[in-house]
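In what follows, chains are A, B, ... by sequence order, proteins preceding strands, each numbered from 1.
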There are 2 protein chains.
Amino acid sequence: MRKESSTNALNEKLLKDTCGMAYALSILGGRWKPAILCRLVHGKMRYSDLKNSIPHISERMLIAQLRELEKDQVIRRIVHAVVPPRVDYELTELGQTMKPLLSAMSNWGNMHRSKTVPEHELTKEECLLTSEEV
Amino acid sequence: MRKESSTNALNEKLLKDTCGMAYALSILGGRWKPAILCRLVHGKMRYSDLKNSIPHISERMLIAQLRELEKDQVIRRIVHAVVPPRVDYELTELGQTMKPLLSAMSNWGNMHRSKTVPEHELTKEECLLTSEEV
DNA sequence: CTCATTTCTTACTTTTTTGTTAGTACCATA
DNA sequence: TATGGTACTAACAAAAAAGTAAGAAATGAG
């Protein structure tokens, strides 16, 4: 449970309120959010498909990060009245506006991580956003 | 001191190694990094000027975040052999390549935080990156 | 009845990040 | 000596993020 009046919280709020970049980063930041967003950019996904497509993610973490993205209005949650349960997630209109940004980040990251990660440690890129997809 | 073989650390490394977006976010993420970067984009700054220009930042946090950015090769630290001591910080060439990305984030953030922050709470934007500055 | 599927929630633990405080080094000046 | 300026480091505390494990709900099938 987050405190609302800690120095920490107040600093965060101040920075988010005065700096667009800090605001954007507060929305995108989170261990598993990049992986989630990179998948949803390609289109609506079912919870279980999303979970199965991300190696090593726990249900606890997946749901927590989805809930945050939903709260920030970047994604929407679509519940189907079926059994077994079915829940889909997709980018909202606001989320769609992030596509150019997500693509720029992905491209920059892919272009430059090879500068700092030894080549024999480079692994298959699983998250590719190209300009055609934006 | 960070553990190197916790699940947490291993997950982070896996994601950074397989997703350009996660990599970029890992470099930019940190409470005070956006404020620092927004200032250094405009040109080299002296440590004390940097500190005085960011409200509420402690020396501890400023130096810690500068050290991380330096380690990630985004900024360089320039020591002058004078008294009183003088240290400047500036973007590296790699840091310069981030300018379009920083600008995109700033613009997106400024465009959309008004959607989620009540209007009477909006404060003066202190961090503006325009396309002319990129 | 049991087992399976899907999608969560809750309680707690571990790890990491951020913040507080005290102190340091190297001068220069009074 | 004390005080001031600049730029840190180290130790610890508080807060937040991430991870582990257990349990729940609503069916449907055997």
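Listed pair A/Ser48 / C/dT7 meets the phosphate criterion, a side-chain N or O lying under 4.0 Å from OP1 or OP2. Taking 4.0 angstrom as the limit, A/Tyr89 places none of its side-chain polar atoms (N or O) nearer than this to OP1 or OP2 of C/dT7. OP1 or OP2 of D/dG5 has not a single side-chain nitrogen or oxygen of B/Arg86 nearer than 4.0 Å. OP1 or OP2 of C/dC8 has at least one side-chain nitrogen or oxygen of A/Arg67 nearer than 4.0 Å.
Atom CG in A/Leu15 sits roughly 14 Å away from atom P in D/dA16 (whole-Å rounding). Atom pair A/Leu62:CG and D/dA21:C1' shows a separation of 17 Å (rounding to whole Å applied). Remark: P of C/dC27 and NE2 of B/His80 are 17 Å apart, rounded to the nearest angstrom. Between A/Leu50 atom CG and C/dT7 atom P the separation is 10 Å, expressed in whole Å. The distance between atom CD1 of A/Ile57 and atom P of C/dT7, rounded to the nearest whole Å, is 14 Å.
Although no hydrogens or angles enter the test, the distance criterion places no donor-acceptor pair under 3.5 Å between the side chain of A/Arg39 and the main chain of A/Met45. A donor-acceptor distance shorter than 3.5 angstrom exists from the side chain of B/Lys33 to the backbone of B/Gly29, with no hydrogens or angles considered. At distances below 3.5 Å, not a single donor-acceptor pair connects side-chain atoms of B/Asp88 with backbone N or O atoms of B/Ile78. Distance alone, capped at 3.5 Å, is enough to place a donor-acceptor pair between the B/Gln65 side chain and the B/Arg31 backbone.
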Let me have a per-nucleotide readout for nucleotides 13-24 of chain C, 5' to 3', with B, S or -, counting only protein heavy atoms under 4.0 Å. --SSSSBB----
Audit row: B/Val74, B/Leu40, side-chain contact (heavy atoms from CB on, under 4.5 Å) steps and yes/no: CA-CA 10 Å; B/Val74 173; B/Leu40 292 184; over 6 Å; no
Can you list the steps and then say if B/Arg113 with A/Lys16 is a side-chain contact (heavy atoms from CB on, under 4.5 Å)? CA-CA 9 Å; B/Arg113 68 183 168 117; A/Lys16 276 167 60 178; over 6 Å; no
Evaluate the criterion side-chain contact (heavy atoms from CB on, under 4.5 Å) for residue pair A/Met98 and A/Leu37; output intermediate values, then yes/no. CA-CA 10 Å; A/Met98 290 190 108; A/Leu37 290 169; 5.7 Å; no
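Distance from the side chain of B/Ile63 is smallest for D/dC8 among the nucleotides D/dC8, D/dT6, C/dA28.
Summary of helix geometry: the two end axes of the helix from C/dC1-D/dG30 to C/dA30-D/dT1, each defined by five base pairs via their C1' atoms, are inclined to each other by 30° (rounded to 10°).
Here B/Glu68 does not pair with B/Lys71 in a salt bridge; the nearest charged N to carboxylate O distance is not below 4.0 Å.
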